[in-house]
Structure formats: structure tokens, C-alpha cells
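Beneath this line is the structure, given in C-alpha cells, with notes to follow.
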Amino acid sequence: MTLEHKDSLFAPDSAPEAEEKVRRGPPNRMNDLPYREWMKFQKSFFRHDSDQRLVDECVTFFTKAVWPDGKRSRTLLIGFPGIETNDYNGRLVEHTPGGSSFADVQSGLETESPELRDFVFVDLRESLNDEAALDQFLADRADVVFGLIRKALIDDRYCGFVVPASRQDGRGFPLAWSVAQAARSHLRLRDEKIGLIEEDGRIYYCLFFQASDDGRPSKSISSSQISVATVDREVPSWVIPRPPPRRPNEILHPAKYPETMVEEFIRLFTQPGDSVFDPMLGTGSTAVAAIRANRNGYGVELSQEFAQIARSRVESSIAESGNLFSDDAAVNGQVFLGDATKLDAIPEMLDLKFDYAITSPPYWSMLSNPGSENQRKRRDSGLRLTYSDAESDVGNIGEYDQFIDVLENVYAGVAAHLKSGGVLTVVVKNVKREHILYALAWDLTERLASPTAQYDYIGNTFWCQDDVGLKPFAIGIHWVSNILHQYCLHFRRK
Ligand SMILES: C[S@@+](CC[C@H](N)C(=O)[O-])C[C@H]1O[C@@H](n2cnc3c(N)ncnc32)[C@H](O)[C@@H]1O
């Protein structure tokens, strides 16, 4: 069997000039892949078409056939029934297909091996497919299993788990997040890769860890800790929008989301004539999408400059819309300059109630990360790097846990203006800083849908950014994926 997949499941995307740079750089210390093949793996989402390819590509990405000291690499695969293993150009690969129980996983790890492994890859899709199985796993086995994996691995090498996203579609309790947070007790969470399965919209996660200590505390999140509700609408598991290039006034803002995607959610969760709200309106994308869909669009924005851009975009959208609903009522769009942490202090907001809210916060203080290539490009073009210098700008909060507290507070304030049963969608991303993964999307869900909070969790739609070029972060040394999937987390007001 050869490993030459002509059409790899990891879609290609690479820049030739960067290829040159890498060829002249240090030797590849992690695997035997040429630059182009490495870059395919950098993308944080992929369309899955066979387990065989998934296993082949992960084994060849996370190991070298023979390490510089002459040792052949050793991989342990647990689960993945039906795959064929081969010698992968000289690698030693043990496969414990086993059944689907955790006992099988545990016994696969407990088999005596005189040598430590370079890569361990575990398929948990069958054994972890509902909340009851998760709760049992967390109570009885999680700590032992993750501890055994750490012991089985050479320091700093990688392991991966394939876990279903949730019970079905994007809905139900987020099983994979819980597994990831629990494994941090023994392993460092490096990244997630999201496998999209085309035929039925199902998704699963490949969670990758390194055999070292994590910079964040582990958590055991059982199914009783997130309150989940179902809605009578089909919520898409993922979307891959192709937004048009940003117009000059939109580029002034460091991060906006595509109106086409927002419009899709607005149509899903509201009726014509309903009212839509965004507490952090930025350039006004939410209000523009609402107006295009014949809904009223309202928003609050802290920065005078962005509020002004939003106002002018809202005015143009109203003019373009013909200003009419089907029942001849005028479409309304309003932008309030104010602080989302103090919605009560905005007089115009007092009597307003909304049917739906969609919003995207600053992703913690990520914009002040001077090392990012995006930031360098913006600086070179004389564009604004952060949203503002204001103390009340939540993007200027330095401490992560404080940032989450403040966001929780903002969305509690939004709940007071949402009609009962109204939906809130938060568009957000897990972020990395200094090699630590801060699970912003997961942490926020845990807060907003805790049993005592104002919302139930409905599910998630991945916004897969296929229009963003890949960057060769840490190539040849470590896997630092390009996080190109964002979470659109849907909550329903209790
Ligand atoms: C990710 S951006 C939103 C972008 C917007 N969705 C768009 O498409 O243009 C976050 C916005 O939150 C605003 N913001 C930060 N702190 C705020 C606060 N306390 N109150 C209101 N807006 C705030 C920032 O100025 C920024 O425009």
C-alpha cells in the first residue's frame, strides 16, 4: 500500500515563496513531509472521506520514519476498525482494533511495550457517543486512560483522539469539549481539527495533545453541567461562506464577520418584521444583514469611529432595501454609541425587546499580540491594530478569566432584552497564546448554559474559513495549526 494520496483530504493551500524560505531553513525535525504536504495538514478543518486516509496522514505527520539517532518511530493505534496498517516507510505501527469499549482502549494501552511510543491515536467515536457514556467515562476511566497515554509517550510527542462533536449533528451536549478539558490533567491540548462528513452533515473532532503539562487547569464537565435544549429547526453543522472582499470603510475594522452568514442565521431564527440585536456591532454587519432580510437591525458599539461606519452602512442598506416589509411597515435600523457591559445606561435601549441576537466579541486581547502576521500587515498598511484604547473595550482586558467574567455579564445583559425563547448566537474562536490553548468558545458555553444561567445551549455551527491563506507557523519543529474554524454558538433564552 502506498501513501501517495493524490487528492489529499487536507485541502492544499500554500505560498511558493514561503516554500523557498523553509527549504533554506533548519531540517524538518518532526516528520518526513515536504513543505507542501505539511501545509495541507496546517488547516484546522478537513472533509473526511475515509478512516484509512485519516490514520495514514496523521501517522506520517506526527512521526519521522527513523529519528536522527537511528531509532524507528513507534505508533500505537487503538480502535479504527477496518483500517489496514502498513510499515509507513519503516515505522513500527501496532494496531489494537479492539471493540468499542473503554476497557478495550485501556487494555490497548496497558499492553506491555518495552519502548515508549512516538504517537498514539485513539478512536473514541463508538464508545463515546452519548451523555451517559461520557459521564461514565469521566467518573471511572478518564484519569487512568489519559495517565496511561502520557506514560506511553516520549516527552513532547503527540497523541490524538477522534471524538464525536455531540450526540447528533451539531446539537446535543458537546461531548468532545468535555473530553478535551478532562485530558488536560495529563496532557497539553495543542489543537483541534474538525472533520466534516459530507453526506449527513455529521462532524467529529480530532483532538491533538502533546506529552507535556498544560498551561490551563483541567476540568471534568459532566452532562449535568451544561443545560441543553432542542429547537424545531435544522441548525447547520457547518457553513463555508465566500464573502466578497471588504470595502474600504470595512477594512478599517480589524475583524468583521460576513453578512451572508449572519443573514442565514437571521432567516433561520426569526420571521420578517422581527428585531435583531448586536451588543458589539462593529461595522454594523448584523444590522445590515437584518435589513437585507427584512428584519429590524439594532446594535450598540463602543467606538465612535466604528459606530459611524455602522450608521452609514445601515442607512445605505435601508435605502437599498426599498424601505418596506411585505406588510408595508418601514424597516428600522439603529446604532447606539455605548458600552455593552452597561446596556441599562443606554436610554434608547430601555424598552427594546428583540427576537434574536447575534454578535462576536473581541477574542480576548488577541489583537494586541504583536507577533501575528496579520497584525504586521495591518501595521505596514497604517491600519488600526486594536479596536480602541478605551478601558471599557473588552478587547483590552489582559487577564483571561476576567475577560470571560465580563463577557458572561454582557450576555446576561442581552438576555434581559431578548424575548422568552429568543436565540443568541455568539461567534467566537478558541485562541492560542504562548503555546497555550484558551478554549474561549467552550468556556463561554459552560458559563452561558450552566444550569443557573439564563440560556440553554442549542448547538454549534462551524464557520469554516476556506478563504483565508495558510501560514507556515513553526514548520519543521511543531504542529501549530492555523485555526480557521470559528464557532457560532447558539443559545436559547430560558
Ligand atoms: C469582533 S468585533 C465585532 C465585529 C462585527 N461583528 C462586524 O462584523 O463588524 C468586536 C467589537 O466590539 C466592540 N467593543 C469592545 N468592547 C465593547 C464594549 N464594552 N461595548 C460595546 N462594544 C465593544 C469593538 O469596538 C469591536 O468593534
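One-based numbering, in listed order, for ligands and for the atoms of each.
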- Message: Closer than 4.0 Å to some heavy atom of D339 - which atoms of ligand 1 meet that?
- Response: 18 (C), 19 (N), 20 (N)

- Task: With sequence neighbours excluded, tell me which residues meet side chain to side chain donor-acceptor pair (under 3.5 Å) with N396.
- Result: none

- Task: Look at the rings of Y438 and Y400 and say which category their plane angle falls in: under 30° parallel, 30 to 60° tilted, over 60° perpendicular.
- Result: tilted

- Item | Min heavy-atom dist S392 to ligand 1 below 4.0 Å | yes

- Query: With a cut-off of 4.0 Å, which atoms of ligand 1 are near a heavy atom of G338?
  - Reply: 20 (N), 21 (C)

- Query: So is A310 close enough to ligand 1, meaning a heavy atom under 4.0 angstrom away?
  - Reply: no

- Task: Have a look at S44 and tell me which of I194, L470, L484, D191 forms a side-chain contact (heavy atoms from CB on, under 4.5 Å) with it.
- Result: L484

- Message: Can you classify the ring geometry of F62 versus F208 as parallel (below 30°), tilted (30 to 60°) or perpendicular (above 60°)?
- Response: tilted

- Heteroatom proximity flag, T341 to ligand 1, N/O under 3.5 Å: no

- Task: Could you pull out all residues at least two apart from H186 that satisfy side chain to side chain donor-acceptor pair (under 3.5 Å)?
- Result: D143

- Against heavy atoms of A340, which atoms of ligand 1 measure under 4.0 Å? 18 (C), 19 (N), 20 (N), 21 (C)

- Part of F306 with heavy atoms under 4.0 Å of ligand 1, whether side chain, backbone, both or neither: side chain

- Item | Atoms of ligand 1, numbered as shown, that sit under 4.0 Å from any heavy atom of K256 | 7 (C), 8 (O), 9 (O)

- Identify whether NZ of Lys or CZ of Arg in K353 sits under 6.0 Å from the centre of the six-membered ring of F277 and within 45° of that ring's axis. no

- Is it true that the NZ or CZ of K43 lies under 6.0 Å from the centre of F45's six-membered ring and within 45 degrees of the ring axis? yes

- Which ligand 1 atoms, with their elements, are less than 4.0 angstrom from a heavy-atom of S285? 7 (C), 8 (O), 9 (O)

- Item | Ligand-residue contact atoms, ligand 1 with L281, heavy atoms, under 4.0 Å | 5 (C), 7 (C), 9 (O)

- Message: Give me the atom names and distance for the closest heavy-atom approach of Q271 to R295.
- Response: O-NE, 3.2 Å

- Provide the number and element of each atom of ligand 1 under 4.0 Å from a heavy atom of P361. 1 (C)

- Counting only heavy atoms, which portion of S388 has something under 4.0 Å from ligand 1: side chain, backbone, both, or neither? neither

- Query: According to the interplanar angle, ranging from 0 to 90°, do the rings of W177 and Y487 count as parallel (below 30°), tilted (30 to 60°) or perpendicular (above 60°)?
  - Reply: perpendicular

- Quiz item: cation-pi between R433 and W364, 6.0 Å / 45°: yes

- Item | T283 N/O under 3.5 Å from ligand 1 N/O | yes

- In terms of atom number and element, which parts of ligand 1 are under 4.0 angstrom from non-hydrogen atoms of V394? 15 (C), 16 (N)

- Query: Is it the side chain (CB and beyond), the backbone, both or neither of T359 that lies under 4.0 Å from ligand 1, heavy atoms counted?
  - Reply: neither

